[in-house]
Amino acid sequence: MTTNNARCAFLRSYHLPAILLHYPRLVRAMQGIAMLNGVEAAACIRDLKAGRRWGTEAVNRYGGTHKVAADAWKYRKAISVQVATAA
């Protein structure tokens, strides 16, 4: 098994509840940006880490795993700046 195949197999074995526990802010941002549920957001994170461009139907409609993750990250950063300036 090559290194890349081993990495992909390891990342595919991530359990979705573990991803939901480890990335709660990113999951919430994905839910707000792409209108995903928690399981779809966790699957998107798993697919992104495995190097897949496309995921579930909802992720594909938004533009793929990278676009969902990038926009969620930007959204999370924008919200944190708004909270910091409001305080």
Rounded distance [0.5 Å steps], OH in Tyr75 versus CZ in Arg25:
13.0 Å
Heavy-atom donor-acceptor pair, Thr65 side chain to Gly55 backbone, under 3.5 Å
no
Which value, rounded to the nearest 0.5 Å, describes the distance between Cys44 atom SG and Lys67 atom NZ?
12.0 Å
Would you compute the distance between atom CZ of Arg61 and atom OG1 of Thr56 and round it to the nearest 0.5 angstrom?
8.0 Å
Without swapping roles, check the side chain of Asp47 against the backbone of Arg52 for a donor-acceptor pair under 3.5 Å.
no
Ile45 and its side chain to side chain contact (heavy atoms under 4.5 Å, CB included) partner, picked from Leu16, Val27, Leu20
Val27
Are Trp73 and Ile33 in one and the same hydrophobic cluster, where Ile, Leu, Val, Met, Phe, Trp and Tyr link if side-chain heavy atoms are under 4.5 Å apart?
no
Mind listing the closest non-hydrogen atom pair of Asn37 and Val39 along with its distance?
OD1-N, 3.1 Å
Before giving the answer on side chain to side chain contact (heavy atoms under 4.5 Å, CB included), spell out for Arg53 and His66 the whole-Å C-alpha distance, their side-chain angles and the decisive distance to 0.1 Å.
CA-CA 7 Å; Arg53 181 178 167 118; His66 180 74; over 6 Å; no
Listed by chain and number, what are the side-chain contact (heavy atoms from CB on, under 4.5 Å) partners of Leu36, not counting sequence neighbours?
Met30, Ala34, Glu40, Ala41, Ala58, Val59, Val68
List the atom of Ala29, the atom of Ala72, and the distance in Å for their closest heavy-atom pair.
CB-O, 3.6 Å
